[in-house]
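A short write-up of the structure that comes next.
Chain naming here is simple, since letters A, B, ... match the order of the sequence lines and numbering starts at 1 in each.
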Amino acid sequence: MMDFLQKLNPQQQQAVTVGAGPVLVLAGPGSGKTRVLTARIAYLISHHRVYPYNILAVTFTNKAAREMETRVMSLLGPRARGLTLGTFHSTCARILRQEADHLPFTSNFVIFDSDDQIDIVRQALADLNLDEKRYRPTAIQAYISAAKNELIFPQDYPIQTYRDEVIKNVYARYQEILLAINGLDFDDLLLWAVWLFDEHPEVCAKYSRRFEQVLVDEFQDTNMAQYTLLKQLTSFHRNIFVVGDIDQSIYRWRGADYRNVLRFEKDYPEAQIILLEQNYRSTQSILDVAMAVIDHNPHRKPKRLFTQRGRGIRVVLHHAMDDRQEAAFVVDTIADLVARGEARPGDFAIMYRTNAQSRLLEEAFLHAGMPYKLVGAQRFYGRREVKDILAYLRLVRNPEDELSLTRAINVPPRGIGEKTLATLKVCARRASMSPGNLLLELSRGDTSPFWQQFPTRAATVLQQFGALLVHWRAHLNELPPLSLMDLILQDIQYRDYLEDGSDEGRERWENIMELRRLAAEYTERGLDAFLEDVALVSDQDTLDDSASVPTLLTLHAAKGLEFPIVFIVGLNDRVLPHVRSFDDPEAMQEERRLFYVGITRAKDRLYLVVPLNRHAYGFYEPLEESRFISDIPSSLLEYSGVEQVEAFRLAASAPADWQKNRVTSTPPLQPQFQPGARVLHPIWGEGMVLNSKIQDDDEIVDIFFEDVGLKRVAASLARLKLKV
DNA sequence: ATGGACAATGTTTTT
DNA sequence: CATTGTCCAT
């Protein structure tokens, strides 16, 4: 029964059985890191008599957590009961609910998603009389989120410019609003957990003693808050076992910092470091392409990936005339391989850089009458109809939730417009109560002392809505989430509202049916659990492994997954690597890692697809091949598709005429940016030109930015705008 | 208060 | 192009 150790290779065995103290496992793609993590947990329980209760394992997605749980269970059976296994966010949520006495909110707080966050920023801007045009809510939200990831509270927000001061004020107001409605955003879950452990060492000690063994998956994607949290939790015993791979770090924009891996080595000098290089997933042909790509990133510890699976089929590089032909190629190839019995539909995955790219692919699948599935929680939970119904549920659960109230109160339209809503809020503030509670009060009709304060029409509609709320709240504790949802749907006649006869309306109602299906699973666990899980789902969590049809997903969503046959599409400069990463070397390296992650998902076959033109923003425009393609020796590739391109590639060493023809806009030879001119940069904001010179057919501009200081940029890449 | 017509505007990745 | 915001008539 302990034979799980025998099935491991020597490095894996070493990782699983290494003694106590800090351990860093550097695990290449497909090297069996989940297997190591689960075997380690099983080993601790079976060989070292560690109680499952004393083990904490954290992952980044619920799917990964569930998979680990299943695997540990299959190794140990019921002996593994009592493990704490979850995502960073869900684990923190649990701790915060448990310890709410020490925190400035109560244990039934609601978790707000990124759309809600934008709404709150809007509210904060309005409260401070700031213009949304000048301070874009999404930008402000990004600053707030970045600050939270760095554990910076509003009062400590560093100020260098006037803009910083504004952000600080908005951030402060933002937090006030959240606390007033008893809500936390994603980042707060981590931030408050760290704060709790900092302010209350006895609480920290409690958890640190309880979790005597801490294991972490995807360690390269931790941010400062998560790293600090781990340090706090393990300060007591230093039993921290982390698994990661810097080459697969792709969440920098979300605050993740792969340098946490280096920090770990420094903070735990006694750490055992174990390298897993043997790959059990891909053929050598695929691994060679992967290494060729990633080796172009500087400052890497070289890692040699090898496999015993043999060479396999050569990686295909296909050039398509445009993005439509690209989609057609994908669908045709799949149909062909399936027809020839070489693969089953469920073997395929199609990966792309941006969600927008899925549309043409979906159309091609639809056109061919071929079923497919699309990974993406955002897409579902971001739908208006889904958010509406969730807002109703949140409001019923917590009438103080002004955000959900604002969302729900006039959907479907019931005559409560902006004016009435504003009066309601003012009135509530004057009586120092929440608008939701005022609404409950107004349900009593003209016996309510507040009745007089509204025009008769407004008072009537508000009373009706208040009465609905009272009615739903009466059933809050007796009805399971699904029944409560059905009650609401019926009372507001949501179906009639959505189904207007259009395809879109029907689709919206189908989304509601899907939401019902999800709610049905919470009959035992209740509404709070439903609302929490819904807030914390990851894209991967929506992936249904059982459906045996091709999968469409972003490269980001693909991390940690594997498929027999993979297509990576849209391999163009400005797509992958994405435009927004051109003037930042770190971002550019991350794009390369993203490509690497995609390549290493493939087990047997890999298709790299390059469209030469695309339909974008109403125009048909030429595209350049991704610069990453030229990192791959042509001996590793099988060329397919548009023939001239192959000739182009072969002739590329000699600067031929075609290059001139393919470049659409020739760079200006006269400097466009004069010293003293004001310019606008998409990321760095406003700045002043200090100097500019022509070099290599491009304009090199030195700019002093208000926010980030002196930068040197290439005009052709940086998308500068002259300010007038 | 509501819904339609038109203009502007923006285009990454997601717990 | 597709979404979102703004203005205007009902």
For A:R601, all residues meeting salt bridge (Lys or Arg N to Asp or Glu O under 4.0 Å), sequence neighbours excluded: none

A:R254 side-chain proximity, nearest of B:dT14, B:dA1, B:dT11: B:dT14

A:D187: partners by salt bridge (Lys or Arg N to Asp or Glu O under 4.0 Å), with sequence neighbours left out: none

Sequence-aligned protein contact record of nucleotides 1-6 of chain C, with B where the base is within under 4.0 Å of a protein heavy atom and S where only the sugar-phosphate is: SS--SS

Sugar-phosphate, base or nothing in reach of A:R414, heavy atoms under 4.0 Å: sugar-phosphate

P gap between C:dT4 and B:dT13, integer Å: 14 Å

Touch class at under 4.0 angstrom, heavy-atom based, for A:D187 against every strand present: nothing

Residues forming a side-chain hydrogen bond (donor to acceptor under 3.5 Å, both in side chains) with A:D247, sequence neighbours excluded: A:R300, A:K303

Listed nucleotide nearest any side-chain atom of A:P413, set B:dT15, B:dT13, B:dT2: B:dT2

Of A:I250 and A:G415, the one whose closest DNA chain B nucleotide lies more 5': A:G415

Which side-chain N or O atoms in residues 118-125 of chain A pair as donor and acceptor under 3.5 Å with protein atoms at least two apart or in another chain?
| from | atom 1 | to | atom 2 | distance (Å) |
| --- | --- | --- | --- | --- |
| A:R122 | NE | A:E132 | OE1 | 3.1 |
| A:R122 | NE | A:E132 | OE2 | 3.1 |
| A:Q123 | NE2 | A:D127 | OD1 | 3.0 |

Pairing residues for A:R94 by the side-chain hydrogen bond (donor to acceptor under 3.5 Å, both in side chains) criterion, not counting sequence neighbours: none

Touch class at under 4.0 angstrom, heavy-atom based, for A:S90 against every strand present: nothing

